[in-house]
Each structure stands twice: as structure tokens, then as C-alpha cells.
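Here is the naming used below: chain letters follow the sequence lines, and residue numbers restart at 1 for every chain.
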2 protein chains.
Amino acid sequence: MKRNSRLSAVLHALLHMAERDRPMTSEELATCLHTNPVVVRRTMAGLRETGLVTSVRGHGGGWTLARALEDVSMRDIYAALGEPMLFQMGNVSESPGCLVEQAVNHALDDAFRDAEAMLIARLGEVTLATLADDFKRRFAEHRATLKQLG
Amino acid sequence: MKRNSRLSAVLHALLHMAERDRPMTSEELATCLHTNPVVVRRTMAGLRETGLVTSVRGHGGGWTLARALEDVSMRDIYAALGEPMLFQMGNVSESPGCLVEQAVNHALDDAFRDAEAMLIARLGEVTLATLADDFKRRFAEHRATLKQLG
DNA sequence: TTTTCATGTAATAATAATAGTTACGAATAG
DNA sequence: CTATTCGTAACTATTATTATTACATGAAAA
Ligand code: FES
Ligand code: FES
């Protein structure tokens, strides 16, 4: 299967939106993300329901970030996307009759559950503000490099 | 995409093999795992290369566990399977030119890398012997329940 | 009011990864 | 020599994500 890249894509989009004082259309976002406007709408729909963004139809409409950068963590966004499955690996059957399989499932589930909890906690520690700051740092570095070269 | 269930399947197979004093054929294993003999061979191929199991062709041949139950961890098996991708989620692009995307990738990669390290460490703590013991406990419990019922 | 712009959404196709099948070659025991 | 069993390549099926097409709905602008 293809890998799910919605979280990655949506973070990119939100940071873009944060830098602008007027709404961004799905068309504009799609160009940035190298994808299709309909895909943008579909993905942002979840964020709208959670109140992370607002959308306006018609002339001058588009998408706007509805909360402060410091108030939105990657975990919030993961949740708004519907908490998609994190792991590619899974059990053959979730409720097997065979006792061997039950023992195997239990051991694997244990490990995966803990890893998931840790990962989600980590996502909660990073806000859009953190990412915006990191971007600014990278941008300054980038300019310094360019200056140095000529 | 479909989820990868090879680790789960192979653990089931190995525990089965451990209980037997002669080789198990791919056919027999496939019946246990509700799958196809060719799938069994393909999956076991990696374990053979790592020396976890041996295979013998022809009459009376089949698959044999080559190491003690205490000496094989779930991590060893994960490695023998070729360390398949653990996460379903990934970045849109692994080496983006855009600096925003770089910042996003870095934050996500960080979180995922740590979760992966933790998960793999956890897999290393559980051996086939652990699983076999857990199975025996479950089996005893199962028999007790049956006895109680009549 | 009509036109234009933009989202909302359903339906369908494309893409990609895993799993299952078929077919046949190679080795080994009897 | 024959029956059995692994080894492997090629092809199909299944499933999840992503992309595309088409059209309805709502809102600003002409
Ligand atoms: S393309 Fe617009 S910020 Fe990455
Ligand atoms: S079917 Fe054989 S142990 Fe599960």
C-alpha cells in the first residue's frame, strides 16, 4: 500500500496559511503541496470540524488558520485527521481462536501500544509555533549560505 | 495498503515448529496459518538465511527451528524479515527543497525514529520462550475453564 | 440578477504494497 | 525411477491511499 502522508502534507499547508493575512484557496494550497485541490479539501475537512481552520466559499474565500500557532500541536492535527493507523504491521487476526496466536498477539499488541502512546505524546510536544521557529532558523541559515557564496 | 502481518504469522509458525520433533512441511504450516505454502516458503526464506531455521528438500523434508527458544527474540525475527517498514505514515517527500517541508520532516522523523527505537527494543525483550510460556499458561487456563463447565 | 469564484461531495480511476496462485525446476528419500 | 518437498519466477487478487472528474451549493462582484 501507499504510505499515508496526510499529516506531513497538512502541516506544510498550515504553516503556509499562517504566513498569510487572507484566505488561501484549495487551488493555491494544491500547487504548494504538489497535489490536487479536491485532495486538499478532503484533507482539510477534518481540521475544519475540529475548529483548527475555517473555510469560506465564493469570491475571496478559501482556508484560514483559526487558532494561534502555539495552541496547535501535531497531536491535535493527528486527532483532527481521524487518528489514522500509525503502524504498517499488524496481526493476522485480531481475535484468533488459536491460543498460540493469542499469545503472539498479546505480546505484539503490548509493544505496539506502548510505542504508539510514546509517539502520540511526542507529537503533542511539538506545536506549529515550534515548526515555524525551526523554519525561520533554516531560512536564516539558508540566506547566510547564499551570502557567503556570492 | 494491506497491513504487513508477516511477523505475526512467522511467530505463530515458529512456536508450532518448536513443539514438534520432526520437520514441518510448508503445506502443514500453511494449513495452520490459513495461507498458502508458497507464501510460507517466501516468508521463511529470510529466517533461513539468518540461520533461525533450516529447510530440507524432498521426502521427509520441511522446516526445523535451528535455535533454542530462549535465544530467539521477536527483534531477531523482525530483522530476519528484512526490517520491514514499521509505520504507515510517512513524509510526502524525503528530501524536499522547500524549507517548511524540511522543518516538518525533521520534527516528524524525530518522533518516529524514537518510537521505532523503543518498539524495536521492546521486541528484543520478548523471546520465543516467553511466548511459549504464555501459551502454556493460556492453555492451562483454557483447560480449567472447560473442566469447570463440565 | 447574472456571472464568476470557491468550497462540498460523490463517484471513479490510478498507484502501490501485501498476499495468494499457478507453474515448473531441483534436490532427496525410498 | 518415483514420490515428495523446497526454491522461485510470474501473474493475479486484495486493499489502502491518492488523484481526477463532474456537478451541486453558496457568496461576492459586475
Ligand atoms: S511550497 Fe510553499 S512553503 Fe513549501
Ligand atoms: S493453528 Fe496451530 S497453533 Fe495456532
Task: B:R138 bridged to B:D134 by N-O distance under 4.0 Å - done: yes

Which nucleotide in the set [options] lies at the smallest distance from any side-chain heavy atom of [X]?
X	options	value
B:S55	C:dG20, D:dG26, D:dG7	D:dG7
A:K2	D:dT5, D:dT20, C:dA14	C:dA14
A:R48	C:dT18, C:dT7, C:dT15	C:dT7

Nearest whole Å is fine: how far is [N] [atom2] from [X] [atom1]?
X	N	atom1	atom2	result
A:L29	D:dT18	CG	P	16 Å
A:R41	C:dA10	CZ	P	14 Å
A:H59	C:dC5	NE2	P	6 Å
B:N36	C:dT18	CG	P	18 Å
B:W63	C:dT28	CH2	P	15 Å
B:E49	D:dG7	CD	C1'	12 Å
A:L7	D:dT18	CG	C1'	16 Å
B:M17	D:dC6	CE	C1'	13 Å

At less than 4.0 Å, is any side-chain N or O atom of [X] found next to OP1 or OP2 of [N]? Yes or no.
X	N	value
B:R3	D:dT15	no
B:S26	D:dC6	yes
A:S5	D:dT18	yes
A:T35	D:dT18	no

Open item on the list: By nearest heavy atom, map B:P84 and B:G58 onto DNA chain C; which one lands nearer the 5' end?
Closed with: B:P84

Open item on the list: Checking side chain to side chain contact (heavy atoms under 4.5 Å, CB included) between A:H106 and each of A:V104, A:D109, A:D110, which is the one that passes?
Closed with: A:D110

- [ ] Assign each of B:V38 and B:E27 to its nearest nucleotide of DNA chain D by heavy atoms, then name whichever residue's nucleotide is nearer the 5' end.
- [x] B:E27

TODO: To the nearest 0.5 Å, tell me how far B:D133 CG sits from B:L69 CG.
DONE: 9.0 Å

- [ ] Nearest 0.5 Å please: distance from the CG atom of A:N36 over to the CD atom of A:E27.
- [x] 8.5 Å

Open item on the list: Between A:R48 and A:T54 (side chain of the first, backbone of the second, donor and acceptor by atom type, cut-off under 3.5 Å), is there such a pair?
Closed with: no

Open item on the list: Categorize B:R42 for me: base, sugar-phosphate, or nothing, with a 4.0 angstrom heavy-atom threshold over every strand shown.
Closed with: base

